[in-house]
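Structure first, then comments.
Hydrogens, waters and symmetry mates are skipped; everything else that's a heavy atom, side chains included, is used.
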Amino acid sequence: SPASSSSGNFSQFTPDSATSPHSASSSPQPVTKFQKGREDGMVGMRKGKTRTAFSQEQLQTLHQRFQNQKYLSPQQIRDLAAALGLTYKQVKTWFQNRRMKLKRCQKHNLWTERAQCLMQSGFQPSTYLEVRPKFHQGYPITAASNIQTMSPPCQHYGAGQ
């Protein structure tokens with residue numbers, strides 16, 4: 001879905017390269033965000049970052065290498081970049097992004113496991129999430145009662161003390 005920019009023009013939507021269903025060639029294809037605005041002769045639009053659409057073969061090789069090794073030395077990055085026809089920065093960035101994706105996934109799985117464990121042990125979130133007070137100024141609160149209509153209690157000061 002296109003995103004509206006501040007000037008009212010629409011910028012091109014580019015899917016995440018790691019989740020893109022297909023790529024036409026084996027070499028990366030940079031995509032400029034504001035190509036349409038430049039073609040229409042819009043002046044003053046700044047150039048957006050380019051995004052690389054990796055080929056399926058490149059992604060498969062990157063994923064396989066990531067399975068075996070989460071961190072690469074600078075020389076390993078250069079070698080892999082040369083073998084895939086990518087730049088050093090593209091490979092380095094892909095590995096950084098993939099490590100962050102793994103970290104997010106592990107955190108999500110940890111929270112899911114903890115929630116399942118709590119539910120299996122009989123934890124009832126509804127009993128802990130009740131936020132309505134049961135009493136107000138010493139009076140029990142029921143669904144039918146209204147606090148404003150209740151008369152204050154009789155207070156006898158000084159009598160019998």
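- Between Leu102 and Lys70 the shortest side-chain heavy-atom distance falls below 4.5 Å.
- Using a 4.5 Å cut-off on side-chain heavy atoms (C-beta onward), Lys89 and Lys92 make no contact.
- With values rounded to the nearest 0.5 angstrom, Arg65 atom CZ is found 15.0 Å from Gln60 atom CD.
- Note that CZ of Arg98 and CD of Gln67 are 7.0 Å apart. Values are rounded to the nearest 0.5 Å.
- By the 30° and 60° cut-offs, the orientation of the rings of His63 relative to Trp94 is perpendicular.
- Leu80 has its side chain out of reach of Leu86: every pair of non-hydrogen atoms, C-beta onward, lies at least 4.5 Å apart.
- Side-chain atoms of Asp79 and Gln75 include a donor-acceptor pair closer than 3.5 Å.
- With contacts defined as side-chain heavy-atom distances shorter than 4.5 Å, the pair Gln76/Tyr71 does not qualify.
- Between Leu84 and Gln90 there is no side-chain heavy-atom pair separated by less than 4.5 Å.
- The minimum heavy-atom distance between Pro74 and Tyr88, with the atom names listed, is O-CE1, 3.4 Å.
- Heavy atoms only, all atoms of each residue included: Phe95 and Gln69 are closest at CE2-O, 3.5 Å.
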